[in-house]
Peer 1: 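Got a structure for you, questions after.
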Amino acid sequence: MSELSQQVRRRRTFAIISHPDAGKTTLTEKLLLFSGAINIAGSVKARKAARHATSDWMEIEKQRGISVASSVMQMEYRDCVINLLDTPGHQDFSEDTYRVLTAVDAALMVIDAGNGVEPQTRRLLQVCRARNTPILTFVNKMDREVKDPLVLMDEIERELGMEVVPFTWPVGMGKAFHGVMDLREKQMRVFSPGEDRNHHNDEILAGLDNPAYAQRFGMQYEQAQGEIELLTDAAPPFDRDAFLNGQQTPMFFGSAVNNFGVREVLDALVDLAPPPSERAAIQRVVQPGEPKFSGVVFKIQANMDPAHRDRIAFVRVASGHFERGMKLKVVRSGKDLRPNTVVSFLSQRRELLDEAFAGDIIGIPNHGVLQLGDTLTEGESLQFTGLPFFAPEIIRSVEVADPLRSKQLRSGLTQLGEEGAIQVFRPIAGSVMLLGAVGQLQFEVVAHRLEHEYGVKARIMNSPYQVARWVTCAPEDGGEIELKKFIDANSHRVALDAVDAPTLLVDHGATLRAVEANWPKIRFHAMREHAGLVFAKGV
């Protein structure tokens, strides 16, 4: 086996997804802790303390105790290189999460044992299922008053439409939660609650019917034993092909904040999650073991280091061997890059990177050269597909409180628009910038970041628009000439987005239908991938 193939087989790249407050960021911390990437876990709950979650690096996240930006962490565990992407749970930031899911080979779904399957969990799962992404399930917060584990298992199967195979099973719950039985290894790992540090000295009791269980855990063990016997007869066996096709999910129980069940999840990610797989480009399918480098920009983040006003393009390596300083082509623009300060991540902390392989996430500092969806290659003209942008559900206008800082407002909004944190529209006629978002929280985050990262106090106000659609025209219908005619006739309600894609803005759906009827050759899109390629039509 070649060195390149060996390196690809070592990679595991996955995202953690959940409904808000299911404990996703806490679990991320504990996975880093158990892998040895950090020595002490940041307390997610104690926001007034000096420690914060490693994956919550943005100031507003530390203040509110929520994740509003995806973060990337790389760690090594059991001779595997694990690229972990922590996603925002809040539905207002679902676009960021959708784009992250295009860059991973598996997902770890976190479910709150007290609440079961929640709306955002369903939405995220639909995205995973559409891409046949393998999913592992972690049922969290078993130390609280929660639903019966058999009820939870049935709910997950029914709601998510996939077979569930328990790999661990809880012994007790709530105040009587003692730990999890590892059904694969036929042992129980006993933890001390409330421990942040990883001491590598966990107590392990061997066997599923060790007499010590009954003596120590009494009726909780008896109940767990009866449930495990029932599952042995009724639950389906683990089918690796069904798992890899997103039809079956291994299930783990635990309490991330108390370290229960975390190591079992980490081991399962190494053992079960697939290494990097082939990725579809418009021109052809790209194999991860190909010698030539290719990669796609799935995320851009401004001001990870506010002192340097930097913009980092997060690139998922799709094939080949990346080496620092190598010559790369930005396929969209035809420009060449020789990135010399490429970095790997542990959230906001970063290290200079000399090389990377398929599955790795690398960060390339740039000043507007790279856009979301860009493909980088060693020269071949490839365009990877599947990076979605959705028409905004709320549209607001934005003005600067101090007119002397108008330039800083435009600069800040341009950079935040390039990130995809919010959609920024520049009207063809008129000077008032417009912002588009999925939910209100995005506007609050943008206002906070404009003030604290760019020194601009912005007023975000209502706008007359409620509906946005990207517009294109096929060559056979007149192409650019017909599109220009449409834009000129509707200049009072057409704006350009972050990649200069023309967008129609109207007051409600009835107006959109009237415009569509008057311009039959123009296509109106509720979703786009990148400049020049739009793939979904709808009202």
Peer 1: If the test is side-chain contact (heavy atoms from CB on, under 4.5 Å), which one of Val117, Leu136, Ile135, Val139 qualifies with Met109?
Peer 2: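 Per the side-chain contact (heavy atoms from CB on, under 4.5 Å) rule, the option paired with Met109 is Ile135, out of Val117, Leu136, Ile135, Val139.
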Peer 1: Applying salt bridge (charged side-chain N to carboxylate O under 4.0 Å, His left out), run through Arg316 and Asp105 and close with a yes or a no.
Peer 2: CA-CA 11 Å; Arg316 153 75 192 227; Asp105 303 299; 3.1 Å; yes
Peer 1: Measure the OG1-CD1 distance between Thr26 and Ile16 for me, rounded to the nearest 0.5 Å.
Peer 2: 10.0 Å
Peer 1: Going by an N to O cut-off under 4.0 Å, is there a salt bridge joining Arg324 and Glu355?
Peer 2: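 A salt bridge is absent here (no side-chain N lies under 4.0 Å from a carboxylate O).
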Peer 1: Work out which heavy atom in Ser397 is nearest to a heavy atom in Ser463; give both atom names and the distance.
Peer 2: N-CB, 3.8 Å
Peer 1: With rounding to the nearest 0.5 Å, note down the distance linking CD1 in Ile282 to CD in Gln383.
Peer 2: 5.5 Å
Peer 1: Which heavy-atom pair separates Ala458 from Val398 by the least distance, and what is that distance?
Peer 2: CB-CG2, 3.9 Å
Peer 1: Which heavy atom of Lys147 sits nearest a heavy atom of Glu155, and at what distance?
Peer 2: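 Closest pair (atom of Lys147, atom of Glu155, distance): NZ-OE1, 2.9 Å.
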Peer 1: Please report the C-alpha distance between Lys329 and Asp336 in whole Å, then the side-chain angles of each, then the deciding distance to 0.1 Å, and finally whether the salt bridge (charged side-chain N to carboxylate O under 4.0 Å, His left out) criterion is met.
Peer 2: CA-CA 5 Å; Lys329 174 185 174 183; Asp336 289 336; over 6 Å; no
Peer 1: Is it the case that Thr377 and Ser294 place a side-chain donor and acceptor less than 3.5 Å from each other?
Peer 2: no
Peer 1: Could you grab the distance from atom CD1 of Ile395 to atom OG1 of Thr503, nearest 0.5 Å is fine?
Peer 2: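 Here the rounded value is 9.5 Å.
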Peer 1: Is the shortest side-chain N to carboxylate O distance from Glu482 to Lys485 below 4.0 Å?
Peer 2: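 Counted as a salt bridge, because a side-chain N and a carboxylate O are separated by less than 4.0 Å.
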Peer 1: How long is the span from the CG atom in Asp374 to the CZ atom in Phe384, to the nearest 0.5 Å?
Peer 2: 12.5 Å
Peer 1: Keeping Thr511 on the side-chain end and Asp507 on the backbone end, is there a donor-acceptor pair under 3.5 Å?
Peer 2: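 Flag not set: sc Thr511 to bb Asp507 has no pair under 3.5 Å.
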Peer 1: Looking at Leu269, Leu266, Leu31, Thr13, which hits side-chain contact (heavy atoms from CB on, under 4.5 Å) with Ile82?
Peer 2: Leu266
Peer 1: What is the minimum heavy-atom distance between Ala103 and Arg279, and which atoms define it?
Peer 2: CA-NH2, 3.8 Å
Peer 1: What I want to find out is whether Arg426 reaches Asp497 closely enough, with some N-O distance under 4.0 Å, to be called a salt bridge.
Peer 2: no
Peer 1: With rounding to the nearest 0.5 angstrom, report the CZ to CG distance, Arg405 to Leu450.
Peer 2: 11.0 Å
Peer 1: Compare every heavy atom of Asn140 with every heavy atom of Gly23, then report the nearest pair and how far apart it is.
Peer 2: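 Scanning both residues, the minimum pair turns out to be CA-ND2, 3.6 Å.
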Peer 1: Go through Asn83 and Gln74 one step at a time and tell me if the side-chain hydrogen bond (donor to acceptor under 3.5 Å, both in side chains) criterion holds.
Peer 2: CA-CA 5 Å; Asn83 295 286; Gln74 189 179 75; 2.9 Å; yes
Peer 1: Rounded to the nearest 0.5 Å, what separation is found between the CD atom of Gln371 and the CG atom of Asn366?
Peer 2: 10.0 Å
Peer 1: Do the charged groups of Asp360 and Arg11 touch, with an N to O distance under 4.0 Å?
Peer 2: yes
Peer 1: Between Glu453 (side chain) and His448 (backbone), is there a donor-acceptor pair under 3.5 Å?
Peer 2: no
Peer 1: If you take all heavy atoms of Arg523 and Ala474, which pair is closest and at what distance?
Peer 2: NH2-CB, 3.2 Å
Peer 1: Using the side-chain contact (heavy atoms from CB on, under 4.5 Å) rule, pick out the option among Leu108, Val110, Leu101 that qualifies with Ile17.
Peer 2: Leu101
Peer 1: Could you check whether Phe252 and Phe138 have their ring centres less than 6.0 Å apart?
Peer 2: no
